[in-house]
Amino acid sequence: MSAEIERKFLLPAFPVAELDNNEITLVSKQYIYQTYLAFSEDQEIRVRQLVDSSGLSHFTHTFKSGHGMVREEIEYNISEPIYKQLLERTGLIPLEKIRTTVDVRGLHFEIDEYKQVDLLVVEVEFPNVEAARLFVVPSWFGRELGAEEEFRNKSMWVKLQTTR
């Protein structure tokens, strides 16, 4: 199991000006369809279909444990038939988002635009806790969301299942 160290922030708007003036550089864009298979208060098992800008899909299975800035994570690729078999006849609605990854001086920021929820966030992953604590938050970021339960993907997904 490896540690995922990340901080998550609200974005008031997509950083178009920062892209235009080359403060940030576009790395990739993908569509993500995320479905939870099981979860508890501090653990979750999910699958994802990730579609890149050329239309190619790949699929992952992920286990996460913990809360806050540092969480344990195991993630690996699965085949499309396994992905479909896991979701077959569940009736579950995936959480849909567009992820735009940008580079800022060697650090990747992942901007997520949620499709079923009016929300735009940015996540920054770090190699260690010290780097996360020393991170200087850019002026175009909004407030930090890391400790707010309502902004966790799992919480938004659960709400989506109950509002259909």
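The structure presented is a predicted model; accordingly, all values stated were derived computationally and were not measured. In what follows, every heavy atom counts, from backbone to side chain, and hydrogens, waters and symmetry copies are set aside.
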Note to self: Applying side-chain contact (heavy atoms from CB on, under 4.5 Å) to Gln116 and Ile93, what does each step give before you reach the verdict?
What the structure shows: CA-CA 10 Å; Gln116 298 113 320; Ile93 300 167; 4.0 Å; yes

Check: Residues two or more places apart in sequence or in another chain: which of them pass salt bridge (Lys or Arg N to Asp or Glu O under 4.0 Å) with Glu110?
Finding: Arg99

Check: Above 12 or not: heavy atoms from other molecules or residues under 6.0 Å from CZ of Phe151?
Finding: yes

Next item on the list: Decide whether Tyr114 and Asn153 meet the rule of one side-chain donor and one side-chain acceptor closer than 3.5 Å.
Entry: yes

Item checked: Test item: Lys154 side-chain N/O and Ser40 main-chain N/O as donor-acceptor pair under 3.5 Å -> yes

Check: CG/Leu160 to OG/Ser155 distance, rounded to the nearest 0.5 angstrom?
Finding: 12.5 Å

Checklist line | Contact summary for Pro12 and Gly142, nearest pair of heavy atoms | finding: CD-N, 3.9 Å

Item checked: Over all atoms of both residues, closest heavy-atom pair of Trp157 and Gln34 -> CD1-O, 3.6 Å

Check: With a 4.5 Å heavy-atom cut-off, do Leu86 and Ile78 have their side chains touching?
Finding: yes

Item checked: Pairing residues for Ser79 by the side-chain contact (heavy atoms from CB on, under 4.5 Å) criterion, not counting sequence neighbours -> Pro81, Ile82

Item checked: Check: Arg48 side chain, His61 main-chain N or O, donor-acceptor pair, under 3.5 Å -> no

Margin query: Tell me every residue that passes side chain to side chain donor-acceptor pair (under 3.5 Å) with Asn22, counting only those two or more places apart in sequence or in another chain.
Written below: none

Item checked: Sequence-distant partners of Arg152, salt bridge (Lys or Arg N to Asp or Glu O under 4.0 Å), two or more places apart -> Glu44, Glu149

Next item on the list: Mind checking side-chain contact (heavy atoms from CB on, under 4.5 Å) for Arg105 and listing every partner two or more places apart, or none if nothing turns up?
Entry: none

Note to self: Tell me which pairs pass salt bridge (Lys or Arg N to Asp or Glu O under 4.0 Å) where either residue lies in residues 27-40, with sequence neighbours left out.
What the structure shows: none

Notebook entry, point to check: Going by side-chain heavy atoms closer than 4.5 Å, which hydrophobic residues are tied to Trp140, directly or by a chain of links?
Noted result: Ile5, Phe9, Leu11, Phe14, Val16, Leu19, Ile24, Leu26, Met69, Val70, Val102, Val104, Leu107, Phe109, Ile111, Leu120, Val122, Val124, Phe126, Val129, Phe135, Val137, Phe141

Check: Roughly how far, to the nearest 0.5 Å, is CG of Leu95 from CZ of Arg46?
Finding: 10.0 Å

Margin query: Using side-chain heavy atoms (C-beta onward) and a distance below 4.5 Å, is Leu56 in contact with Val51?
Written below: no

Item checked: Any Glu96 side-chain heavy atom under 4.5 Å of Ile32 side chain -> no

Checklist line | For Lys84, all residues meeting side chain to side chain donor-acceptor pair (under 3.5 Å), sequence neighbours excluded | finding: Glu80

Next item on the list: Report yes or no: do Ser65 and Glu72 form a side-chain donor-acceptor pair below 3.5 Å?
Entry: no

Checklist line | Distance in Å, Phe59 CZ paired with Leu87 CG, rounded so as to fall on 0.5 Å steps | finding: 10.0 Å

Checklist line | Intermediate values then yes/no, side-chain contact (heavy atoms from CB on, under 4.5 Å), Tyr76 and Thr62 | finding: CA-CA 7 Å; Tyr76 53 90; Thr62 306; over 6 Å; no

Next item on the list: Mind running side-chain contact (heavy atoms from CB on, under 4.5 Å) on Gln43 and Lys64 for me, showing each step along the way?
Entry: CA-CA 6 Å; Gln43 295 180 344; Lys64 287 191 176 194; over 6 Å; no

Notebook entry, point to check: Partners of Tyr83 by side chain to side chain donor-acceptor pair (under 3.5 Å), sequence neighbours excluded?
Noted result: none

Check: Which pairs with one or both residues in residues 49-60 pass side-chain hydrogen bond (donor to acceptor under 3.5 Å, both in side chains), sequence neighbours excluded?
Finding: Gln49-Ser57, Asp52-Ser54

Notebook entry, point to check: Out of curiosity, Ile45 CD1 to Ile74 CD1, how far, rounded to the nearest 0.5 Å?
Noted result: 9.5 Å

Notebook entry, point to check: Does atom CD of Glu23 have more than 12 heavy-atom neighbours, drawn from other residues, nucleotides or ligands, at distances under 6.0 Å?
Noted result: yes

Next item on the list: Sort and list the pairs that fulfil side-chain hydrogen bond (donor to acceptor under 3.5 Å, both in side chains) and have at least one residue in residues 121-130, not counting sequence neighbours.
Entry: none

Item checked: Point-to-point distance, once rounded to the nearest 0.5 Å, from CG of Asp42 to NE2 of His67 -> 5.5 Å

Note to self: Return the CG to CG distance between Leu119 and Asp112, rounded to the nearest 0.5 Å.
What the structure shows: 9.0 Å

Checklist line | Results of salt bridge (Lys or Arg N to Asp or Glu O under 4.0 Å) for Lys115 - residues two or more places apart only | finding: Glu113

Next item on the list: For Asp118, look at atom CG and say whether over 12 heavy atoms of other residues, nucleotides or ligands are found less than 6.0 Å away.
Entry: no

